[in-house]
Amino acid sequence: MAYNDILEELRAKLGDSPDENEKILKAEGERLAKEGDFDGLKAVGELIMENMPEERRNEIDRLTHLDGKRLNVVYDEIDALIKEKKYLEALPIAEKLYKKICLEYAETDKAKFVSLRNPFEDNLCQLLFSEDKTLNRTPFNFTMYLTTYAYLLIETGANIDAIPVLEKAIAYNPIDVAPRFELAEIYKLIKNKKMVLDVSRETLKVSYSPLSIARCYSNIGYALTDSGDFEDAAAFYVASVMFAPNPAVPYEMQHLADLKGTPIRKPSIEEMVAVMKKYDIEYGPDKRVIEVSAQLAAHYMGLGDKENAVQAMKITYNLTLDEDIKKLILQLDPRSQMLHPKDGVQTDFDPNEAPKS
């Protein structure tokens, strides 16, 4: 259902009593949250703002504005400066936005804020990071905002200062791989092999696109190259291209041979899996990621929501290349483009294309 239609449908349920309207909207919000209807939740939020007293509305404005501008507008200004490579101009604005977020949206003993982007991330987060605290949704994508601030710190030479910023970004959305990859880049730069491995292991647990898995493997390959574990590095580079072709990997393999002084032998599948186990890493996607995507697809099929069922199935297919899933996707949507076909053509999965409602 279109956003404006959802808005009008909800508005039709309201009366003249602000107190009764608040109860209705709260109930509708809880219902829509259970259904994973993010557009519906957005509509509820808009109506709650319309319905609330001016004093409370002003408090909401205080939480969502910085220097008279909505936080997303501030972020857009930062992003525009980055595109112009004006990092030093963008940095103080990003720092101010970071401090605003940390102050106003801090975790407490009873609740924490999250910036989960879609129902898939919501479900995976609950499975992997379940806790007793109440989860409140942030009004904007704070994980992206903080990751961008960390990027600016790295670009301006403050690598170590970026680490706690990225850790906060991960806390807002443990499923988003972007801050995890920035963290791995820092540990690669300072040649901390242990932390590259640790961060990569944790990233693999939440990776739900082939490109994310491939990047984890190549990061480990890079760290092992630095530490002189050339044959092991080769195993991870081979694993990487099995998930996503990368034109840089052949050059990395040649670099390995140059460093070793002799040709690097391509490992067999069995050897590759054995090497990965040495580093406490299982080859392929985490089984729990596949489980969540399959369950979400079944959930939407049960609701008769083919569009979102197909999006969830695509996650499962991209990670498994299961031909039966592919056939089912094409039955539901004959025009559907497969994101990880067996011919090796690879396109990354956009998290915003995950099931939305």
Side-chain angles (χ1 to χ4, degrees), residues 19 22-23 25-38 40-42 44-46 48-49 51-53 55-66 70-72 74-75 94-150 153 160-180 182-183 186 195 198-199 201-203 205-206 286 288-289 292 351:
D19 291 340
E22 185 174 354
K23 291 178 183 178
L25 291 170
K26 182 179 179 181
E28 289 294 320
E30 291 174 353
R31 176 181 65 82
L32 293 164
K34 288 179 181 178
E35 295 176 2
D37 190 335
F38 283 73
L41 286 171
K42 182 180 175 183
V44 168
E46 183 172 334
I48 287 174
M49 285 292 288
N51 186 65
M52 70 174 54
E55 183 179 345
R56 288 176 61 192
R57 192 182 302 120
N58 289 339
E59 175 63 9
I60 296 295
D61 284 343
R62 185 187 68 79
L63 291 171
T64 57
H65 287 68
L66 177 63
R70 281 170 60 89
L71 300 186
N72 61 309
V74 176
Y75 176 78
E95 180 181 10
K96 198 169 185 180
L97 178 57
Y98 166 71
K99 289 180 177 178
K100 171 78 173 180
I101 291 170
C102 291
L103 176 65
E104 304 289 5
Y105 299 89
E107 184 174 347
T108 68
D109 293 338
K110 296 182 179 180
K112 67 179 294 186
F113 287 92
V114 292
S115 292
L116 302 166
R117 295 173 291 183
N118 53 62
F120 175 81
E121 291 188 348
D122 204 358
N123 280 269
L124 187 58
C125 186
Q126 289 184 47
L127 176 65
L128 299 181
F129 307 98
S130 60
E131 55 179 277
D132 295 331
K133 292 184 179 181
T134 300
L135 299 182
N136 298 316
R137 299 190 181 279
T138 60
F140 309 105
N141 188 345
F142 288 167
T143 295
M144 180 174 68
Y145 293 6
L146 269 56
T147 302
T148 299
Y149 174 46
L153 288 169
I160 303 303
D161 291 343
I163 292 175
V165 176
L166 290 168
E167 289 172 346
K168 285 185 180 293
I170 292 169
Y172 280 113
N173 185 352
I175 311 303
D176 192 339
V177 296
R180 295 180 183 274
E182 289 292 344
L183 201 53
I186 293 173
M195 289 307 300
D198 287 350
V199 171
R201 285 191 200 97
E202 292 304 307
T203 307
K205 292 178 183 178
V206 300
D286 190 288
R288 291 171 296 183
V289 175
V292 168

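Computation of the quantities below employed the complete heavy-atom set of this structure, encompassing side-chain atoms and omitting hydrogens, waters and symmetry-equivalent molecules.
Separating the NZ atom in Lys168 from the CD atom in Glu107 is a distance of 9.0 Å, to the nearest 0.5 Å. Here the straight-line distance linking atom OG1 of Thr64 with atom CG of Leu71 works out to 6.0 Å at 0.5 Å rounding. Rounded to the nearest 0.5 angstrom, Tyr149 OH and Leu166 CG are separated by 11.0 Å. The distance from the CG atom of Asp122 to the CG atom of Leu135 is 8.0 Å, given to the nearest 0.5 Å. The CG atom of Asp176 sits 9.5 Å away from atom CE of Met144, with the distance rounded to the nearest 0.5 Å. Rounded to the nearest 0.5 angstrom, Thr148 OG1 and Leu97 CG are separated by 9.0 Å.
Taking each heavy atom of Leu124 and Val206 in turn, the nearest pair found is CD2-O, 4.2 Å. Pairing each heavy atom of Thr143 with each of Ala169, the nearest pair is OG1-O, 3.0 Å. Residues Tyr105 and Leu63 approach most closely at OH-O, 2.8 Å, considering heavy atoms.
Crowding of Lys100 atom NZ: a count of heavy atoms from other residues, nucleotides or ligands under 6.0 Å exceeding 12. Other residues, nucleotides and ligands contribute at most 12 non-hydrogen atoms within 6.0 Å of the NZ atom of Lys26.
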- Task: Tell me, with the steps shown, if Phe140 and Arg70 meet side-chain contact (heavy atoms from CB on, under 4.5 Å).
- Result: CA-CA 10 Å; Phe140 309 105; Arg70 281 170 60 89; 3.3 Å; yes
- Worked check of side-chain contact (heavy atoms from CB on, under 4.5 Å) between Arg137 and Leu116: CA-CA 8 Å; Arg137 299 190 181 279; Leu116 302 166; 4.0 Å; yes
- Could you go step by step and tell me if Thr138 and Tyr172 meet the side chain to side chain donor-acceptor pair (under 3.5 Å) rule? CA-CA 9 Å; Thr138 60; Tyr172 280 113; over 6 Å; no
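Counting only distance, with no hydrogens or angles, the side chain of Arg180 and the backbone of Pro174 share a donor-acceptor pair below 3.5 Å.
The side-chain heavy atoms of Asp161 and Val165, taken from C-beta on, include no pair separated by under 4.5 Å. Side-chain contact between Leu66 and Tyr75 is absent, with no heavy-atom pair separated by less than 4.5 Å. Looking at Phe129 and Ile175, their side chains come closer than 4.5 Å, going by heavy atoms from C-beta outward. Side-chain contact check for Ile163 versus Leu183: some heavy-atom pair is nearer than 4.5 Å. Asn173 is not listed as a side-chain neighbour of Phe142, based on a closest heavy-atom distance of 4.5 Å or more.
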